[in-house]
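As the structure is a prediction and not an experimental result, all values here were calculated from the model.
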Amino acid sequence: MDAFLRHLEAERRLSAHTVGAYARDLQLLGAFAAARGSRLESLDRGGVEAFVRHLMAEGRAPRSVARVVASIRTFYRYLVVHQGLETSPAASVRGPRAIRTLPRFLSADEVDALLRAPDVHTARGVRDRAMIELLYATGLRVSELVALRPVDVNLEDGLLKTTGKGRKERLVPIGDEARDWVLRYVRESRPALLGLRSAPHLFVNARGGTGMTRVGFWKVLRGYATPLGLARRLSPHVLRHSFATHLLDHGADLRAIQVMLGHADLSTTQIYTHVLDARLRTLYDRFHPRR
């Protein structure tokens, strides 16, 4: 298992977050195998299928189980290619079909209210406003947002460089409003938060010296969302969905959105066309006199 995880990190160049997810999935399988008096490399197809049934019996969501099955297939394929395992017991095992739900997103008015929520008379409020503006303006994943370094953001040209899934770099444009807030943060708030300390990341926490974390930013966002009645619907990823949906709603090209979001496959981006289809259906049913 350790060799497989090193392979994912060094050769497939997956992020630490993704490698950690593989590790947790395999630990579940390892514990299941141990309870049956077996080892990972000794499980047969029946054992793997029993593990999948075990996960479903625990009440796990179909999407979650499908992801675990995908991890297991990748693991056993690695053992066949690199460790001499004769056949993969998971080759023909399929997880449950996940029900594809439409992504949640905010309306333009809700985004405006969220952007106005931070107290921009404080260093922390300016930082929060800059982060929310940048997230909505670029559609970054939250992991990409908190990983940004000052050198990654070219405020003069209105571009930022980020490293997404598979450690693939991409350039994303920054709108004028977001650029202005990030510039104010860099000039005023970041030095105030850092004091005499230094930090490699663009966005630092309130104590300075360390970068904002994914969980930390989620808590910041939730703090602003709760008074607005958005807490149950809002997460950093909902802002990413809002970015894509609003762009498409205003006529942006789907392939351009794909590039900005860092999707490897256009079919992943096409989910946003279904969002618009659903909205059009709702509007039709509501207003057409002969619906």
Is it true that Val93 and Leu43 fall in one hydrophobic cluster, defined by side-chain heavy atoms closer than 4.5 Å? yes
How are the rings of Phe32 and Phe51 set relative to one another: parallel (under 30°), tilted (30 to 60°) or perpendicular (over 60°)? tilted
Can you name the ring-ring contact (aromatic ring centres under 6.0 Å, His included) partners of His237, sequence neighbours left out? His241
Taking only residues at least two apart or on different chains, which pairs with a member in residues 223-232 satisfy side-chain hydrogen bond (donor to acceptor under 3.5 Å, both in side chains)? Asp128-Tyr224
Answer yes if the side chains of Thr245 and Ser242 hold a donor-acceptor pair under 3.5 Å, and no otherwise. no
Taking the side chain as every heavy atom from C-beta outward, state whether Asp152 and Glu144 have any atom pair closer than 4.5 Å. no
Val81, Leu85: one ILVMFWY side-chain cluster at the under-4.5 Å cut-off? no
Could you check if a side-chain atom of His201 sits within less than 4.5 angstrom of a side-chain atom of Met212, using non-hydrogen atoms only? no
Assess the residue pair Arg233 and Glu110 against the criterion (salt bridge (charged side-chain N to carboxylate O under 4.0 Å, His left out)); give the C-alpha distance rounded to whole Å, side-chain angles, the decisive distance to 0.1 Å, and a yes or no. CA-CA 11 Å; Arg233 295 171 48 210; Glu110 288 171 332; 2.8 Å; yes
Do Arg141 and Leu145 make a side-chain contact, defined as non-hydrogen atoms from C-beta onward lying under 4.5 Å apart? no
Write down the atom of Leu106, the atom of His246, and the distance for their closest heavy-atom approach. O-NE2, 2.7 Å
Do Arg129 side-chain atoms and Leu115 backbone N/O form a donor-acceptor pair below 3.5 Å? yes
Can you check whether Ser143 reaches His17 side chain to side chain, under 4.5 Å on heavy atoms? no
Linking I/L/V/M/F/W/Y whenever their side-chain heavy atoms sit closer than 4.5 Å, directly or via other members, would Leu171 and Tyr136 fall into one cluster? no
Side-chain donor/acceptor of Thr74 to backbone N/O of Ala70, under 3.5 Å: yes
Is Ile257 linked to Leu159 within one hydrophobic cluster, defined over Ile, Leu, Val, Met, Phe, Trp and Tyr using a side-chain heavy-atom separation of less than 4.5 Å? no
Partner set under salt bridge (Lys or Arg N to Asp or Glu O under 4.0 Å) for Glu177, not counting sequence neighbours: none
Going by salt bridge (Lys or Arg N to Asp or Glu O under 4.0 Å), name the residues that satisfy it together with Arg184, two or more places apart in sequence or in a different chain. Glu188
Of all residues at least two apart in sequence or in a different chain, which pass the ring-ring contact (aromatic ring centres under 6.0 Å, His included) check with Phe243? none
Should Ser235 and Leu221 count as side-chain neighbours, where that means a heavy-atom distance under 4.5 Å? no
Hits for side chain to side chain contact (heavy atoms under 4.5 Å, CB included) against His82, two or more places apart or cross-chain, chain-then-number order -> His7, Tyr78
Verify same cluster id: Trp218, Leu202 (apolar side-chain graph, 4.5 Å): no
Is there side-chain contact between Arg170 and Leu160, with at least one heavy-atom pair below 4.5 Å? no
Kindly give the heavy-atom pair with the smallest separation between Ile132 and Pro118, and that separation in Å. CD1-CG, 4.3 Å
